[in-house]
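Every heavy atom of this structure was used, including side-chain atoms; hydrogens, water molecules and symmetry mates were not.
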Amino acid sequence: MSLTKRSVAMMMPVTDIDRSRTFYSESLGLDYTGTNDEGSAIYALEGGSTLVLLPRPDSTPSESTALSFEVDDIHSEIRDLKGRGVVFEDYDLPDFSTVDHVCVLGAEMAAWFKDPDGNVLCLHQDT
């Protein structure tokens with residue numbers, strides 16, 4: 001068995017499953033496939049992977065990036081998501097800053113935003 005050839009299921013705890021389902025379905029445009037017996041919202045992602053939003057009323061978000069989406073055109077994706085109400089984070093630190101929401105990190109560009117629970121999500125594009 002080789003894990004490198006398997007799809008991945010990403011488990012994301014959220015405090016309000018209905019609010020999160022609206023955000024991930026409508027704001028991000030992900031493909032909602034249903035709810036399991038636990039009440040988790042399930043999303044099909046490209047390549048056979050799955051995002052599972054776990055109902056956890058007492059959960060707290062991670063301060064690190066929880067999920068990153070690889071995109072072909074980061075600027076186009078930002079425009080599209082902003083049009084759907086997504087708010088992007090901006091940073092201005094000595095070794096880390098964004099211009100028009102985008103930070104260049106070596107051979108990659110990245111932009112961050114948060115879901116309704118404060119989970120940090122990212123778009124990234126190889127340059």
(request) For the residue pair Y24 and Y43, categorise the inter-ring angle as parallel (less than 30°), tilted (30 to 60°) or perpendicular (more than 60°). (result) tilted

Should [X] and [Y] be counted in the same cluster of Ile, Leu, Val, Met, Phe, Trp and Tyr side chains packed under 4.5 Å apart?
{"X": "L121", "Y": "I42", "value": "no"}
{"X": "V87", "Y": "V14", "value": "no"}
{"X": "L53", "Y": "M10", "value": "yes"}
{"X": "F96", "Y": "V99", "value": "no"}
{"X": "V104", "Y": "L93", "value": "no"}

With no hydrogens and no angle check, do the side chains of [X] and [Y] hold a donor and an acceptor under 3.5 Å apart?
{"X": "D58", "Y": "T15", "result": "no"}
{"X": "D90", "Y": "T98", "result": "yes"}
{"X": "H75", "Y": "D100", "result": "no"}

Contact summary for [X] and [Y], nearest pair of heavy atoms:
{"X": "C122", "Y": "T65", "result": "CB-CG2, 3.7 Å"}
{"X": "S20", "Y": "D117", "result": "OG-OD2, 3.2 Å"}
{"X": "S40", "Y": "L54", "result": "OG-CD2, 3.5 Å"}
{"X": "A111", "Y": "H101", "result": "CB-O, 3.2 Å"}
{"X": "E63", "Y": "V120", "result": "O-CG2, 4.1 Å"}
{"X": "S27", "Y": "L81", "result": "O-CD2, 3.4 Å"}

If you round to the nearest 0.5 Å, how far is [atom2] of [Y] from [atom1] of [X]?
{"X": "R21", "Y": "T35", "atom1": "CZ", "atom2": "OG1", "result": "5.0 Å"}
{"X": "S68", "Y": "Q125", "atom1": "OG", "atom2": "CD", "result": "11.5 Å"}
{"X": "L30", "Y": "E46", "atom1": "CG", "atom2": "CD", "result": "11.5 Å"}

Do [X] and [Y] come close enough that some side-chain heavy atom pair is under 4.5 Å?
{"X": "L67", "Y": "M12", "answer": "yes"}
{"X": "Y32", "Y": "S25", "answer": "yes"}
{"X": "D73", "Y": "V71", "answer": "no"}
{"X": "L28", "Y": "F113", "answer": "yes"}
{"X": "E70", "Y": "D126", "answer": "yes"}
{"X": "L45", "Y": "T50", "answer": "no"}

(request) Run the numbers on K114 and E89 for side-chain contact (heavy atoms from CB on, under 4.5 Å), then give the verdict. (result) CA-CA 8 Å; K114 294 180 180 177; E89 302 291 308; 4.0 Å; yes

(message) Is there a ring pair (Phe, Tyr, Trp, His ring centres under 6.0 Å) between W112 and F69? Walk through the geometry before answering.
(response) CA-CA 10 Å; W112 293 267; F69 297 93; over 10 Å; no

(message) Whether R56 and E38 form a salt bridge (side-chain N of Lys/Arg under 4.0 Å from carboxylate O of Asp/Glu) is what I want to check.
(response) yes

(request) Say whether, by atom type as modelled, one donor and one acceptor occur between the side chain of S7 and the main chain of G48 under 3.5 angstrom. (result) yes

